[in-house]
Chemist: 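One structure, pasted below without further comment.
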Amino acid sequence: MHGEYKVPGGKLVVVDLEVENGALRDVRVAGDFFLEPDEALEAMNHALDGAPDDTDAAGLAERINGALPKGTVMYGLTPEGVGIAVRRAVAHATDWTDYDWQLIHEGPQSPALHMALDEVLTAEVAAGHRPPTLRVWEWASPAVIIGSFQSVRNEVDPEAAEQHGIQVVRRISGGGAMFVEPGNTITYSLSVPESLVQGLSFQDSYAYLDDWVLEALGDMGIKAWYQPLNDIATEQGKIAGAAQKRLAGPGGGPGAVLHHVTMAYDIDADKMLDVLRIGREKLSDKGTKSAKKRVDPLRRQTGLARETVIKGMIASFRQRYGLTDGAATEEELDRARELMRTKFLSPEWTARVP
């Protein structure tokens with residue numbers, strides 16, 4: 001069995017092992033990390049050998065910590081990262097490079113159609129009808145996109161939204177409200193097979209699926225990092241938020257994961273605060289008194305045009321994993337338009353949590 005895991009902000013960890021009679025055997029840890037002393041590597045292998053094959057990543061990390069020589073120094077590597085690589089090996093997880101990725105980057109579309117396309121394309125990946133897909137959104141109109149479990153009345157001032165011509169749409173994933181305007185937001189979706197995140201906890205899957213964009217931002221001079229559970233941050237503040245939804249495959253079999261991210265390229269903070277009901281309690285746990293200080297747009301940090309940032313992100317993904325230009329099929333678009341009409345534009349869905 002073979003498992004790989006790139007520690008966020010760190011190095012690649014590779015684990016090869018066998019499972020015999022419910023226990024890990026012949027465990028071999030490798031990778032491009034740094035580790036001192038040399039004996040620490042064999043100590044890790046020995047600590048993992050014989051562990052029950054259902055031991056979680058935290059339990060495996062505990063075994064490693066207990067076996068490492070005194071004074072061991074790790075760089076680009078953590079015991080938890082090794083544990084995750086082991087879990088991915090046992091779960092027969094796949095890797096990014098195992099797939100032929102497709103890019104969808106089409107013209108502006110309505111907010112409700114974007115919601116529908118996320119659901120349809122991810123369902124198609126779950127069914128094995130389309131390859132893993134990176135979709136970059138272009139917005140046709142401004143909107144507030146609320147999370148699946150959020151209350152409309154708690155999140156949005158309806159009079160202010162109407163005054164500014166802002167539509168309210170509910171997405172299928174959880175998380176918080178997104179304030180978007182054409183030209184001021186960079187949004188993308190990853191629709192990936194569930195096997196890509198096998199062996200990862202829910203939290204770890206966020207970091208794992210965000211790692212490529214952190215490197216893309218780094219190439220543009222932005223030092224960014226994953227901030228649990230679902231934010232991307234810099235020294236200047238939050239720049240993006242992510243959300244996920246898991247869809248089952250046909251017959252309840254292995255499915256797919258929708259992971260979408262909205263980045264603030266530019267932002268009309270006054271308008272955002274006028275439309276969103278951001279209470280003091282929500283802000284208090286962010287360590288700031290002003291919502292304006294929570295989000296620091298990419299335009300101010302980079303000085304780059306929005307299109308340049310998007311091209312840089314796509315180029316980075318293509319260089320790392322390969323990426324073929326594609327498009328939603330007519331059948332997928334027809335299904336998305338029907339889903340938009342029957343679900344995402346319906347008052348029953350939008351106000352399902354009043």
Side-chain angles (χ1 to χ4, degrees), residues 4-6 8-9 11-12 32 88 93-109 113-114 116-139 173 185-198 200 205-222 224 226 232 239-240 242-245 247 254-263 265 298 302 304-333 336:
E4 298 185 0
Y5 178 65
K6 184 180 179 299
K11 299 293 185 176
L12 181 68
D32 58 356
R88 286 176 59 75
T94 54
D95 185 66
W96 296 81
T97 54
D98 291 333
Y99 300 104
D100 295 323
W101 291 86
Q102 185 177 112
L103 170 69
I104 297 179
H105 186 196
E106 299 178 317
Q109 294 164 316
L113 184 59
H114 279 306
L117 279 168
D118 261 359
E119 183 168 341
V120 168
L121 296 178
T122 306
E124 288 294 279
V125 172
H129 296 158
R130 79 158 19 255
T133 300
L134 167 65
R135 184 170 74 91
V136 180
W137 304 20
E138 296 294 343
W139 296 90
S173 62
T185 305
I186 297 174
T187 304
Y188 68 86
S189 301
L190 288 170
S191 297
V192 306
E194 191 177 21
S195 58
L196 184 63
V197 296
Q198 284 291 334
L200 300 177
S205 72
Y206 273 85
Y208 184 69
L209 295 176
D210 279 340
D211 191 59
W212 73 273
V213 81
L214 300 183
E215 294 206 6
L217 292 170
D219 292 341
M220 291 178 263
I222 306 168
Y226 164 73
I232 296 174
I239 59 172
Q244 285 187 9
K245 178 67 176 178
L247 299 183
V257 178
L258 168 65
H259 179 93
H260 43 200
V261 174
T262 292
M263 297 182 167
Y265 171 72
L298 287 170
T302 66
L304 299 174
R306 176 179 178 274
E307 294 73 16
T308 301
V309 175
I310 291 174
K311 286 181 180 178
M313 290 167 55
I314 292 172
S316 179
F317 193 103
R318 180 173 279 123
Q319 182 179 15
R320 289 161 65 93
Y321 307 126
L323 190 62
T324 301
D325 292 345
T329 67
E330 283 303 315
E331 181 182 356
E332 289 169 338
L333 284 169

Chemist: When rounded to the nearest 0.5 angstrom, what is the spacing between CG in Leu304 and CD1 in Ile222?
Modeler: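 Going from the CG atom of Leu304 to the CD1 atom of Ile222 covers 7.0 Å.
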Chemist: Donor-acceptor pair, distance only, cut-off 3.5 Å: does the side chain of Asp98 make one with the backbone of Asp95?
Modeler: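 Yes; judged by distance alone, with no hydrogens or angles, the pair exists.
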Chemist: Would you give the length of the straight line joining atom OH of Tyr321 to atom CH2 of Trp96, rounded to the nearest 0.5 angstrom?
Modeler: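 So the OH of Tyr321 and the CH2 of Trp96 are separated by 5.0 Å.
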Chemist: Any side-chain heavy atom of Ile310 sitting closer than 4.5 Å to one from His105?
Modeler: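 Yes, close enough: below the 4.5 Å cut-off.
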Chemist: With a cut-off of 6.0 Å (strictly less than), are more than 12 heavy atoms of other residues, nucleotides or ligands near CD of Glu331?
Modeler: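 Counting other residues, nucleotides and ligands, CD of Glu331 stays at 12 neighbours or fewer.
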Chemist: Side-chain contact, heavy-atom cut-off 4.5 Å: Pro8 with Tyr206?
Modeler: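 When only atoms from C-beta onward are counted, Tyr206 and Pro8 do not touch, as no gap falls below 4.5 Å.
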Chemist: Side chains of Ser316 and Trp212: donor-acceptor distance under 3.5 Å anywhere?
Modeler: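 No, because no side-chain N or O of Ser316 sits under 3.5 Å from a partner of the opposite role on Trp212.
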Chemist: What do the steps show when you test Leu121 against Gln102 for side chain to side chain contact (heavy atoms under 4.5 Å, CB included), and what is the final call?
Modeler: CA-CA 11 Å; Leu121 296 178; Gln102 185 177 112; over 6 Å; no
Chemist: Atom CD1 of Ile239 and atom OG1 of Thr302: how far apart are they, to the nearest 0.5 Å?
Modeler: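 Answer for the CD1-OG1 pair, Ile239 versus Thr302, is 9.5 Å.
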Chemist: Is the side chain of Arg135 donor-acceptor paired with the backbone N or O of His114 at a distance under 3.5 Å, no angle test?
Modeler: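 Such a contact is found between Arg135 side chain and His114 backbone.
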Chemist: For a 4.5 angstrom cut-off between non-hydrogen side-chain atoms, does Val213 reach Tyr226?
Modeler: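 A side-chain contact is absent here, since even the closest heavy-atom pair is not under 4.5 Å.
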Chemist: Using the side-chain contact (heavy atoms from CB on, under 4.5 Å) rule, pick out the option among Trp139, Trp137, Tyr265 that qualifies with Thr185.
Modeler: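 Answer to the side-chain contact (heavy atoms from CB on, under 4.5 Å) test with Thr185 among Trp139, Trp137, Tyr265: Trp139.
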Chemist: Are any of the side-chain heavy atoms of Met313 and Ile186 separated by less than 4.5 Å?
Modeler: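 Contact flag for Met313/Ile186 side chains = yes.
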Chemist: Given side chain to side chain contact (heavy atoms under 4.5 Å, CB included), test Glu332 with His129 step by step and report yes or no.
Modeler: CA-CA 11 Å; Glu332 289 169 338; His129 296 158; over 6 Å; no
Chemist: Are more than 12 heavy atoms, taken from residues, nucleotides or ligands other than Asp100, located less than 6.0 Å from that residue's CG atom?
Modeler: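 No, because the 6.0 Å sphere around CG of Asp100 holds 12 heavy atoms or fewer from other groups.
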Chemist: Indicate yes or no: at least one non-hydrogen side-chain atom of Leu258 is less than 4.5 angstrom from one of Leu247.
Modeler: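 No, their side chains stay 4.5 Å or more apart.
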Chemist: Checking side-chain polar atoms at under 3.5 Å, does His259 have a donor or acceptor matched by the opposite partner on Asp210?
Modeler: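 Checked: His259/Asp210 side chains pair up, N/O donor to acceptor below 3.5 Å.
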Chemist: Kindly compute the distance separating OG1 (Thr94) from CD (Glu194), expressed to the nearest 0.5 Å.
Modeler: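 That separation rounds to 10.5 Å.
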Chemist: Passes side chain to side chain contact (heavy atoms under 4.5 Å, CB included), Tyr208 versus Tyr5? Steps please.
Modeler: CA-CA 8 Å; Tyr208 184 69; Tyr5 178 65; 3.9 Å; yes
Chemist: Can you check whether Thr122 reaches Thr133 side chain to side chain, under 4.5 Å on heavy atoms?
Modeler: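 Answer no - side chains too far apart.
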Chemist: Any side-chain heavy atom of Leu333 sitting closer than 4.5 Å to one from Glu330?
Modeler: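 Yes - at least one pair of side-chain heavy atoms lies under 4.5 Å apart.
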Chemist: So does Leu12 get a backbone contact from the side chain of Asp32, meaning a donor-acceptor N/O pair under 3.5 Å?
Modeler: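 Yes, because the side chain of Asp32 sits within donor-acceptor range (under 3.5 Å) of the backbone of Leu12.
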Chemist: Write down the atom of Ala328, the atom of Glu106, and the distance for their closest heavy-atom approach.
Modeler: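 Smallest interatomic distance, heavy atoms only, reads N-OE2, 3.6 Å.
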Chemist: Quick check: does any side chain N or O of Arg88 sit under 3.5 Å from a backbone N or O of Leu196, one acting as donor and the other as acceptor?
Modeler: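 Indeed, once roles are kept as given, a pair shorter than 3.5 Å links the two residues.
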Chemist: Please give me the minimum heavy-atom distance between Met263 and Ala240, naming the atom from each residue.
Modeler: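 Heavy atoms only, the tightest pair is CG-CB, 3.6 Å.
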Chemist: Does a side-chain heavy-atom distance below 4.5 Å link Asp118 with His260?
Modeler: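 A side-chain contact under 4.5 Å exists here.
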Chemist: What I want to find out is whether Asp325 reaches Arg318 closely enough, with some N-O distance under 4.0 Å, to be called a salt bridge.
Modeler: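 Here Asp325 pairs with Arg318 in a salt bridge, since their nearest N and O are under 4.0 Å apart.
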Chemist: Distance from Leu217 atom CG to Glu215 atom CD, nearest 0.5 Å?
Modeler: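 Atom-to-atom, Leu217:CG and Glu215:CD are 10.5 Å apart.
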Chemist: Which of these, Leu190, Val192, Ile104, sits in a side-chain contact (heavy atoms from CB on, under 4.5 Å) with Leu134?
Modeler: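 When side-chain contact (heavy atoms from CB on, under 4.5 Å) is applied between Leu134 and each of Leu190, Val192, Ile104, only Leu190 qualifies.
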